[in-house]
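Scroll down for the structure; my scribbles are underneath it.
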Amino acid sequence: MDAKNIKVAGFGGQGVMMFGQILAYSATKDNINGLWFPSYGPETRGGTANCSVIVSDKQINSPVFKNADHLVAFNFPSLVKFEEHMAENGLILYNSSLIDEQKSKDNVLVIGVPINDIANELGNIKVANMVMMGAYLELTKLFSDKTIEVIIKKILGERKADLVEINKQAIIAGKEYIKKLGVKYA
Amino acid sequence: MDAKNIKVAGFGGQGVMMFGQILAYSATKDNINGLWFPSYGPETRGGTANCSVIVSDKQINSPVFKNADHLVAFNFPSLVKFEEHMAENGLILYNSSLIDEQKSKDNVLVIGVPINDIANELGNIKVANMVMMGAYLELTKLFSDKTIEVIIKKILGERKADLVEINKQAIIAGKEYIKKLGVKYA
Amino acid sequence: MWETKYEKTSGLTDKKLSYCPGCTHGIIHKLVAETLVELGILDRSIAIASVGCSVFSYEFFNCDAQQAPHGRACALATGIKRVLPENIVFTYQGDGDLASIGIAETIHAANRGENITVIFINNAIYGMTGGQMAPTSLIGQKTTTSQDGRDQAHHGSPIKISEMFATIDGVAYLERVAAYDPKHVIKAKNAIKKAFQYQIENKGFTMVEIVSTCPVNWGMKPVDAMKWSKEAMEPVFPLGVFKDKEEE
Amino acid sequence: MWETKYEKTSGLTDKKLSYCPGCTHGIIHKLVAETLVELGILDRSIAIASVGCSVFSYEFFNCDAQQAPHGRACALATGIKRVLPENIVFTYQGDGDLASIGIAETIHAANRGENITVIFINNAIYGMTGGQMAPTSLIGQKTTTSQDGRDQAHHGSPIKISEMFATIDGVAYLERVAAYDPKHVIKAKNAIKKAFQYQIENKGFTMVEIVSTCPVNWGMKPVDAMKWSKEAMEPVFPLGVFKDKEEE
Amino acid sequence: MPKGRVEFNYEICKGCGLCVEYCPTHILYMDMKTLNKAGYNIIKVSEPDKCIGCAFCAIMCPDSVIKVEVNK
Amino acid sequence: MPKGRVEFNYEICKGCGLCVEYCPTHILYMDMKTLNKAGYNIIKVSEPDKCIGCAFCAIMCPDSVIKVEVNK
Amino acid sequence: MAKVLMKGNEAIALAAIKGGVDAFYGYPITPQNEIPEYLSKHLLAAGKVFLQAESEVSAINMVYGAAGAGKRVMTSSSSPGIALKQEGISYIAAAELPCLIVSVMRGGPGLGGIQPSQGDYYQATRGGGNGDYHLIVFAPESIQETIDVIKESFDIADYYRNPVMVLVDGLIGQMMESVDFDRPVKERFLPEKDWATTGTKNHPGRRNVANSLHLDPAALEQHNIHLNEKYKLVKKNETRFELINFDNPKYIIVAYGTMARIARSAIEMLKKEGIEVGMIRPISLFPYPEIAFDQIPESVKGILTCELSMGQMLDDVLIANNGRHKVGFFGRAGGMLPDPEEIVDAIKNFNERVVK
Amino acid sequence: MAKVLMKGNEAIALAAIKGGVDAFYGYPITPQNEIPEYLSKHLLAAGKVFLQAESEVSAINMVYGAAGAGKRVMTSSSSPGIALKQEGISYIAAAELPCLIVSVMRGGPGLGGIQPSQGDYYQATRGGGNGDYHLIVFAPESIQETIDVIKESFDIADYYRNPVMVLVDGLIGQMMESVDFDRPVKERFLPEKDWATTGTKNHPGRRNVANSLHLDPAALEQHNIHLNEKYKLVKKNETRFELINFDNPKYIIVAYGTMARIARSAIEMLKKEGIEVGMIRPISLFPYPEIAFDQIPESVKGILTCELSMGQMLDDVLIANNGRHKVGFFGRAGGMLPDPEEIVDAIKNFNERVVK
Ligand SMILES: Cc1ncc(C[n+]2csc(CCOP(=O)(O)OP(=O)(O)O)c2C)c(N)n1
Ligand SMILES: Cc1ncc(C[n+]2csc(CCOP(=O)(O)OP(=O)(O)O)c2C)c(N)n1
Ligand code: SF4
Ligand code: SF4
Ligand code: SF4
Ligand code: SF4
């Protein structure tokens, strides 16, 4: 597998940073290399948050990349800000609960997932990012359900162990949504 | 006249720094160049004080010199410390009130002046350094009596104007002592 | 017929404040700005923005301004006031800035009796850098660098700036106020006004310490933060006038 | 049969003191050194020499020592005491070092209640550098940087360190003493001894401020300097115990 | 005719809720359905005619969102 | 037999005169004729038998020049 | 042990603990706050010392004290904070005391910004404190390399009785990577610290003094010569660098830290286009790997120095190159990070970038 | 006016007054105390501002404030004192404010000593504060040249809106020479300081702000590029040096300040012995007179860098020389001053001193 450059972006509070970290943790667990780099500093206060993730079975060189292989956009400003910098055969996943229908463009597969609505149906808006995670994994097949589950348990830890179940459901719901769409990627 | 490198040294309180400054001031007044450089810092506390003076009608380059043309030693430690670094045809003037008889050596004229005794006779031990000045000028002819008088007045200023007279007497006494000795230098 | 009782002061620029929702920095900015306008000194005032969340205050106060290195606001203010004695010079500093790294500059400006006004925001924490312990943090208060809570044996007690500065001759006016309800906000405004009035009259060094909040790094809702500043902070930092040259 | 009543203490090395004739630095060195011997702590003491005439005290106190940057003695002391809590750590600082450039380090060491002892030599001037004004210089006192005498309007009043530190919780013992006659020298010794005793008992920050002299830069004979410290300085810096945890 | 009336500059509101808390007549509430461009819930007045024009809300508002007028 | 006796380590004396000043029995004086190696006038005792061994001179001496013994 | 994903700053803190740190004294500043935050929790838990000082000036002097007492002590800060430590650092180096200083660079000058930068190369390698002294400065390119050097740094500091600075930028501090904490550290023979100020009861008959004052100029000159001899020894023993793609390159890139990693990708891209570019990656900035430049083949068309600054390491490149090849410069500043494509272009347009 | 004999430090103070200084903020330190002492008397008498700050950190920030207010302001200090000012200096340079900083060097590192030294060349030319900034640094060799440059320095600082540092050693500060205060100063057109923070009533409709914060990296990079352009302009306009005995010399000495004067005497001595030696005497250290090195004849056998340090300007000599000639080094440190004879020997034994 060659390196994947992934950009994740949205409002602060939408679980953007966690989404990215889960990918990096998963890479580490699967004994390949993961790199996560956040936007940081007070200017992120209230504003938008984003992070870059690189996963690769080879040594990761530049932590900075010009074009992303995958863009996961949780709100409209983020989509606008980053969609211009996509690599060949890239994938854009966006939150169609907050963003109107987007068209696919040449060499970039663009797919919307109504993660807020699905999360609300599951009864917890906070797991919207895990719905996105399910959709993302269903399309990219980057990590196994097992790996992701271990990581989520790890991140939630003792104190939030009770949330593991709903997060798993959210991931399944995300995967289901993609399956129903019937799209394939790579 | 070529540059003269002069070293003046003694106990703090013997008027060593003032002796050197008078020479530099005189040079300036006579429109030639004067340079004065003191030993400084707390280590001079109580201990010995010394200064270097350079007078020249040309631009003065190095403020530092290896060998002195003239050494004026107010106490024994100073004599010992600096007599090794004399230039050809040098002159050493020492305070024979505190230092035993010294022999002249090849290419260096060595003369003692009992400045403390002479000053005491004048009734003020504080002018011993001016006795030395008289002797020094009588030998080197560096500056005119007029020049020196102006400078001494300047340095003593209003507040100590009453001391001008005794200082002048001291200088004369120094000159007289050399005349009596009948030695000539340069 | 309708009459305006309250609206945004012209002492503030149109720039949107950079503070977190419900942070008292915003309230205090208003009080200072209103005072400058009401005393008619806005156009000869020079604000010194310190390093902290209020670092951007040079963009908010509608007057000339300088941005100081962390803790050195009173040194800048001294440098300016000495060369421009006719101008009004004030600093706006947090507790990390004033009470920790800047205590020397502040004490000596006070001791020299510099004719400046210091607005001191005591929120018992380092806000800008993400919630580290401040010398003003309360015993038991959890911060990112005192994760088991401030321990007196290890960290010492919260430093009492107003109590300490009350011992300094050069101080002309010194009051500690709070901002947790309208009554106290109005009192705070009066204290700030008095401080600037004294500066206008060249009476000496003036400082107003405001017991404030940092909802985000305290991990509280703004309303709860107001309650905490009243119930937890005020007992440690009692309010009142600590020095008034006129009353001596 | 003859019995020795007084001789040079083994708490000092054989090195000749670098102080000017009649300077109280020498007297105070003896008091500190005698105390370390009498309390049996000399061999576990670490002295912090500050920058000032006493910079060489690391050569005089007969124990381990570190030489601190100007004003930072209490920071070094903190760094050492935290890693070597069983040792006795003390600083020896002049008023320029402690009250001017080092006020922040000293206040925060005090506020943290560091278990260290500070010997504070207040001679109302900068000695080492040749007699510049200190924050402790008296109103009207002529120095090389206040040649018409210290002017309150321009320089502010002499800073009162003991009065200020008395407001700090972390301070366990704080006394101001003098050295202008045998009676006061003995009192000074007792204060120093008590301060070190408190450190041995881990009671917190202890400081003894000694009203001292600088005959050379005051331009006085040593005996006259003693008189001036009594007649001119003591009224401005009243003697006494400013804080004693045991008495609270 | 109410004693006072309040006007909100919604776009600079940060939804901190202080005004709601300090309104003595409890006529302010946070509208959880409406967001401003910055993404904050905004404040609405439930019973405008109960406003006494005390301006407590405005005094406590850190962001100078509120204009208060009184009937003279 | 005097109550006390004093002994001076002349070479480290700086001639500050404090001992002379604080001796309650006024038996110390500065010998203006004798200098030590450092160039300072040294201190002499005029009437040794009047020494009461109070050690005030030694206590005030900044340079630990003086040793005091008392007769027990 | 299996690899773990960890944030750079926290990895620095954990590596310091593995390196045996006894005490940390510091003051908060972005972008290095996770270092003290992590240590405040774990050092205290381990019965070691963590203290937040009232300022950087105080922090470095607490370090001075604890280092003099013979403990393994560290501080960390960022650009303006390091500036405030300069006097203390000069004292520590002059007194020949070992300690670790971590510098996480942000954009400058002045208050500047908080995004990653390499604008403090001078600050690290040319002192800024007073006098002729040097820190031993390492500039790792990854979190793994940072961990490895931090673990070793206390040994190096103790061995030479000299402060070691580990210089990274905000990106290394803020990002997370998969790392291994158990890689072996070189064994060194470390003499016991018989100079430490621990009280004479621990070294009877000898007073230990930590000091940098030598009022006698002759003595101070001797001390300077002694220090200089030490720095020569350090240069001989501790010079570190990596040569990348050195078989007949057309150009050579010189870059360290984050910039070197970006350059690695650029070199791969250029390879794909058939342009062979090599890289000298200094790992030690003092001592600077001048010897590496002797290995540059004659054939090379030019050397491109790449920095996240306006050109500071450029001085050392010019000195090391000593006129042998054309030297060009590519830099970004203020927290801006180039993508590899920019370096690719810089190589292609080398001639526009030649400075000497 | 006739020449007067004056001490270097006092001459600096008087020259500053002639240069129009409005305010001095400083803190005592040997060997520069006569500067504040002189100014405390004469500035106050002239109704100007003199204030002894509580520390160097405070002093430089008072300077920052007064400079922002548009006044001609200065400070002076020595080695460890300058180290403490580094953060403030970086802020002032970043905020583009004019001021004069006089640095009277003493022996280092650490507390070091108080005798003359040139060990703070890096401190002056390579910052030590954070980020990419530069001071304009002049290093005169005599009290006369010091007076001339001080008188001009406020104009230069105002013109470029950049701090100017005048760098001398304790010898120039402590010695007395015959000097003339009335030599003409170059006329410059100085725009009025419409950026000064004097209150909006003095510039209606515009808020003036002195600031160095640019949180947006793109903005901060632009600011860095802007500063860099300014430094290039300074290099073009203000590079100063003197060429001595340049008609077919066998060796070239490079030395500044006091060391240059000692070298002058050595050159005369060597001439007497029939050995022709020339000298490049940098007067501006930043900008460094690299162009002077282009004038060195091919025939020259080598360049000897002479410093009162262990070798700091040596960096700039190597960069300027860029491999063209052999470079040797002769240095004394810690306050030791060589006599001319030592430099004579160093030239005669040049080969033993070659560093590159
Ligand atoms: C010399 C220096 N040290 C540290 C910092 C980092 N820093 C920025 S703000 C801050 C503390 C701010 O806390 P406070 O003064 O209480 O203000 P608040 O943010 O709480 O309003 C610190 C330590 C800095 N910018 N410069
Ligand atoms: C950073 C720094 N600033 C200034 C100095 C110069 N300096 C040496 S001693 C001293 C003041 C000493 O005065 P004080 O602390 O009162 O001690 P005293 O000499 O009077 O005993 C100063 C300013 C220095 N060495 N380092
Ligand atoms: S961090 Fe705290 S102090 Fe700073 S703006 Fe936010 S709430 Fe206010
Ligand atoms: S200068 Fe003053 S304080 Fe210093 S040793 Fe001399 S008399 Fe004592
Ligand atoms: S107080 Fe102001 S900012 Fe807060 S909710 Fe009310 S109107 Fe909005
Ligand atoms: S007090 Fe001590 S130093 Fe002073 S004169 Fe007497 S013996 Fe000598």
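Each chain gets a letter, A, B and so on, in the order its sequence line appears, and its residues count up from 1. Note that the structure is a prediction, hence the values are computed from the model and not measured.
- We find the SG-NE2 distance between D:C20 and D:H25 to be 9.0 Å, quoted to the nearest 0.5 Å.
- Aromatic ring centroids of D:F242 and D:F165 lie 6.0 Å or more apart.
- Here the side chain of D:D64 pairs no donor or acceptor atom with the backbone of D:I46 at under 3.5 angstrom.
- For the atom pair OG1 (D:T24) and OH (D:Y180), the distance works out to 13.0 Å, reported to the nearest 0.5 Å.
- For the set F:R5, F:K67, F:K14, the entry with the most heavy-atom pairs within less than 4.5 Å of chain D is F:R5.
- Heavy atoms closer than 4.5 Å to chain D are found in both the backbone and the side chain of F:P2.
- At a 4.5 Å heavy-atom cutoff, the contact between F:I59 and chain D is made by backbone and side-chain atoms alike.
- The OH atom of D:Y19 lies 15.0 Å from the SG atom of F:C16; values are rounded to the nearest 0.5 Å.
- Between the side chains of D:T145 and D:Y126, not a single donor N or O lies within less than 3.5 Å of an accepting N or O.
- Looking at D:K227 and F:E21, a side-chain N of the basic residue comes within less than 4.0 Å of a carboxylate O on the acidic one, giving a salt bridge.
- F:I66 CD1 to F:F8 CZ: the interatomic distance, rounded to the nearest 0.5 Å, is 4.0 Å.
- Shown are D:T136, D:T91, D:V118, D:I119; of these, the side-chain contact (heavy atoms from CB on, under 4.5 Å) with D:L98 is made only by D:V118.
- Put simply, the side chain of F:N41 gets close to the backbone of F:M32: a donor and an acceptor are under 3.5 Å apart.
- Of the two parts of D:I186, only the side chain, counted from C-beta on, holds a non-hydrogen atom closer than 4.5 Å to a non-hydrogen atom of chain F.
- Of the listed residues (F:D63, F:V70, F:L18, F:V6), the one with the most heavy-atom contacts under 4.5 Å to chain D is F:V70.
- Identified by a heavy-atom distance below 4.5 Å to chain F, the contributing residues of residues 29-45 of chain D are D:K30, in residue-number order.
- D:D97 places a side-chain N or O within 3.5 Å of a backbone atom of D:G71 that can act as its donor or acceptor partner.
- Summarising the geometry, atom OG belonging to D:S229 is positioned 11.5 Å from atom CZ belonging to D:F237; distances are rounded to the nearest 0.5 Å.
- For residues 47-55 of chain F, the interface with chain D (any heavy-atom pair closer than 4.5 Å) comprises F:G53, F:C54, F:A55, sorted by residue number.
- Here the closest non-hydrogen pair linking F:C57 and F:V68 is SG-CG2, 4.3 Å.
- Using a 4.5 Å cut-off between heavy atoms, D:V185 contacts chain F through its side chain alone, with no backbone atom that close.
- Of the two parts of F:E7, neither the backbone nor the side chain holds a non-hydrogen atom closer than 4.5 Å to a non-hydrogen atom of chain D.
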